Amino acid sequence: IQLTQSPSLLSASVGDRVTLSCKGSQNINNYLAWYQQKLGEAPKLLIYNTNSLQTGIPSRFSGSGSGTDYTLTISSLQPEDVATYFCYQYNNGFTFGSGTKLEIK
Amino acid sequence: QVQLKESGPGLVQPSQTLSLTCTVSGFSLTSNSVSWVRQPPGKGLEWMGAIWSGGSTDYNSALKSRLSISRDTSKSQVFLKMNSLQTEDTAIYFCTRSSGQLYYVMDAWGQGASVTVSS
C-alpha cells in the first residue's frame, strides 16, 4: 500500500486549526498511525488505529478517517508543533507516507 | 524506562556488509517486537524489517535478499545485517519497539545510528 500525504509543506499561525491528509492506494481498514518528527530527533508516536491518542500526547492532536482517507488534526497550533508528520499503515505490509512539514507562519 | 540504543560503524565501504546492534532495556524481547526503520538524509522513513516477540522475522520485500535480523534475548540485543551496501543505503538507522495491542505500531525509538556508505 502506498501512502500519499498532502500538503508536503504547510505554513500556519499559532492558534490555527491544522489538518494534514494521508491517502492510501488501497483500503487501510483503520490500521493507520501518525508520527511527529522534530529536527534531529527520532519520530514520536502520536496516534494509532486512526484515532487512538498515545499516552502523554496533548489532546489538541486527533485523528480520523476510514477506507483510504485519513486526517491528523491539530486543534490549536502551538510553536512546539513545528515538525514533519508521517502517516504509517500496518494493514498490508508496513509503509510510511512521504511526510508533511509543518511550520509556523 | 524503555530504552533502545543503536550501535555500529558510521562508515561502510560500497559492496560491504553493514552490521548494527540494538541494545534494549526496560522491556523483554520475548514479549515485545523490534523493527528497524531507516531514513536517508532529508528524506522519509522506510520500514526495513522486524523480529517479532516469538522470534519470527519479516522483511521489506525490496530489501529481503540483502537483509537479516536476529536477536540474543539473554543479552537484550537485536542485530541487523545487510550486505551489498550501496551509496543509496546511506541513512540513519533506527531500531524501534512494538508491544501489546500496538503489535505493529512502533511506540519507542532509539536515537538512531548514522551510516554513510562511501569509499
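Here is the naming used below: chain letters follow the sequence lines, and residue numbers restart at 1 for every chain. Every value quoted in this text rests on a predicted model; they were computed, and no experiment measured them. Every heavy atom of this structure was used, including side-chain atoms; hydrogens, water molecules and symmetry mates were not.
If you measure heavy-atom distances from B:Tyr104 to chain A, the contacts under 4.5 Å come from both the backbone and the side chain. When heavy atoms are compared at a cutoff of 4.5 Å, B:Gln39 approaches chain A solely by way of its side chain, counted from C-beta outward. With a 4.5 Å cut-off on non-hydrogen atoms, B:Leu102 touches chain A through its side chain but not through its backbone. If you measure heavy-atom distances from A:Phe94 to chain B, the contacts under 4.5 Å come from both the backbone and the side chain. With a 4.5 Å cut-off on non-hydrogen atoms, A:Tyr31 does not touch chain B at all.
No more than 12 heavy-atom neighbours from other residues, nucleotides or ligands sit within 6.0 angstrom of CD on A:Gln2.
A donor-acceptor pair under 3.5 Å is absent between the side-chain atoms of A:Asn49 and the main chain of A:Asn30, judged by distance alone.
Using cut-offs of 30° and 60° on the angle between ring planes, the pair A:Tyr88 and A:Tyr35 is perpendicular.
With hydrogens and angles left out, the side-chain atoms of B:Ser19 and B:Lys81 include a donor and acceptor closer than 3.5 Å.
With a 4.5 Å cut-off on side-chain heavy atoms, B:Leu4 and B:Phe94 do not count as touching.
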